[in-house]
Amino acid sequence: MKLKREKWGSRLGFILAAAGSAVGLGNVWKFPYIAGENGGAAFIFVYLICIAVIGLPVLIAEVLLGRSTHRNPVGAFRALSKSKFWTAVGGMGVFAGFVILSYYSVVAGWSLGYIIEAIKGTFYDYTTTTSSGEHFGGLVSNVFWSIGYLAAFMVLTMVLVYRGVQKGIESGSKIMMPILFILLIVLMIRGLTLPGSEAGLSFLWSPDWSKISANSILIALGHAFFTLSLGMGAMMTYGSYMSKEGNIPAASTKVVFLDTLIALIAGMAIFTAVFATGQDPAAGPGLIFHTLPVVFIKMPGGYIFAILFFILLTIAALTSAISLLEVVVAYFVDERGWKRHRAVITFGIVIFLLGVPSALSFNLMADATLFGLTFFDVADFLAANILLPLGGLFIAVFVAWVWGFDKALIKMKVGAEAIFENSGWLIVLWKIFLKYFAPILIFLVFLSSIGILPKIINFFTDLF
Ligand code: PHE
């Protein structure tokens, strides 16, 4: 009934593609500013624990579900359970693919546009963060600029996914991930060698425990999901192209290691430069688009480093965007019998159209709000605070309690015999984390997201 399903060309291919999915705007744009806002080192400590105790175990579970079934998220659950409920969980992942990619590519489009701004040298016209913030505001409220770059970024994503798993996603990741890594190291060295960079380092590495609150723990946990691309089947889909010989726990650990390393290096590159040039480290989401351009024009060689930085950010976003589109495409190819090319073109366009109101949230549609949130905010809130944690919770519960541990272990052992023989305790740890820690902690994050709802409703009622 089926055409031969695609596969990764090599083990490294899977690792680089999965690391490409994980490393994205979450690492370079979001991680530095949330670490900055939540106490630097103390927050990073909590984040690392979340990654180890929940991120890695859930990642292993997702990849395992994919490799065991060789299916997209819907097909994977359907292959292992008769219940419609679990198929719907897979369907929620495909839906999340639409939602996340639609607003993710808006920010990625800005980054693409900023490469051109950097090349044109426009940053030199704005010497304070206030004026560079206005410059940014002016660009995103220009409909042609924001929709144009959204479309351009979407086309890049579609080209890679159109070419297929090996020729598009894998080859693209093999080229882009090393470039990304080198650019980041160059930027980190530039940051570290600026006079006054120590202040940035001590901001990142000397813990201010007083800033740790229940809320910042929840932010760390939520971010662990987002940054590892967990909870919506992206890693499951990538796992489904893995051959039986792949070593799932080893490959997953490498992906987590790379993702964490890159977030930490990005944090160092950014904060050393921010402190050395006397900017505000707690600038929030605008840190990259408002603060960094001013940082660049104040540092020697900044013209070139600005261009390199936005190329880096765009590459990081692109290798994540292809994994989001691939989830949607894999579903239509596996379950509905569509041709890859048709699925890529159709859903690339559909997701672009869905992204338009998000892009317009910063201009024409800024006043079209739901509970005080713009379309962009609603998409982000829905994805990061509801769909991903809920999906992650269900994946952990499914593997640990429904499919059953013993069956999961038999599948996982294939390719990972050495770990089972020599380090059995790691497997026991995985079991404890996935069965108890992950579901309980994720449930708490989820409740906290829901806890935000009353605040939104209050905000809304206050308007009247
Ligand atoms: N992990 C990506 C990032 O850090 C975002 C992402 C989330 C990608 C979910 C795929 C799926 O930017």
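In each ligand, atom 1 is the first atom listed, and ligand 1 is the first ligand listed. Numbers here simply count residues along the sequence, with the first being 1. When reading the values below, keep in mind they use all heavy atoms of this one structure, side chains included, and skip hydrogens, waters and symmetry mates.
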Please name all residues satisfying ring-ring contact (aromatic ring centres under 6.0 Å, His included) with W205, sequence neighbours left out, ordered by chain then number.
none
State which residues pass ring-ring contact (aromatic ring centres under 6.0 Å, His included) with F95; sequence neighbours excluded, sorted by chain then number.
none
N/O to N/O under 3.5 Å, ligand 1 against protein:
{"from": "ligand 1", "atom 1": "1 (N)", "to": "S21", "atom 2": "O", "distance (Å)": "3.2"}
{"from": "ligand 1", "atom 1": "1 (N)", "to": "A22", "atom 2": "O", "distance (Å)": "3.0"}
{"from": "ligand 1", "atom 1": "1 (N)", "to": "F226", "atom 2": "O", "distance (Å)": "2.8"}
{"from": "ligand 1", "atom 1": "1 (N)", "to": "T227", "atom 2": "O", "distance (Å)": "3.2"}
{"from": "ligand 1", "atom 1": "1 (N)", "to": "S229", "atom 2": "OG", "distance (Å)": "3.0"}
{"from": "ligand 1", "atom 1": "4 (O)", "to": "A22", "atom 2": "O", "distance (Å)": "3.0"}
{"from": "ligand 1", "atom 1": "4 (O)", "to": "G26", "atom 2": "N", "distance (Å)": "3.3"}
{"from": "ligand 1", "atom 1": "4 (O)", "to": "N27", "atom 2": "OD1", "distance (Å)": "3.4"}
{"from": "ligand 1", "atom 1": "12 (O)", "to": "L25", "atom 2": "N", "distance (Å)": "3.0"}
{"from": "ligand 1", "atom 1": "12 (O)", "to": "G26", "atom 2": "N", "distance (Å)": "2.8"}
{"from": "ligand 1", "atom 1": "12 (O)", "to": "Y104", "atom 2": "OH", "distance (Å)": "2.5"}

Please name all residues satisfying ring-ring contact (aromatic ring centres under 6.0 Å, His included) with F43, sequence neighbours left out, ordered by chain then number.
none
Would you say that F77 contacts M236 through its side chain, given a criterion of any heavy-atom pair below 4.5 Å between the two side chains?
yes
Stepwise salt bridge (Lys or Arg N to Asp or Glu O under 4.0 Å) check, R340 with E326
CA-CA 10 Å; R340 165 175 290 271; E326 182 61 25; 2.9 Å; yes
Apply the test side chain to side chain contact (heavy atoms under 4.5 Å, CB included) to residues T374 and F362: give CA-CA distance (whole Å), side-chain angles for both, the deciding distance (0.1 Å), then the verdict.
CA-CA 8 Å; T374 62; F362 300 87; 5.8 Å; no
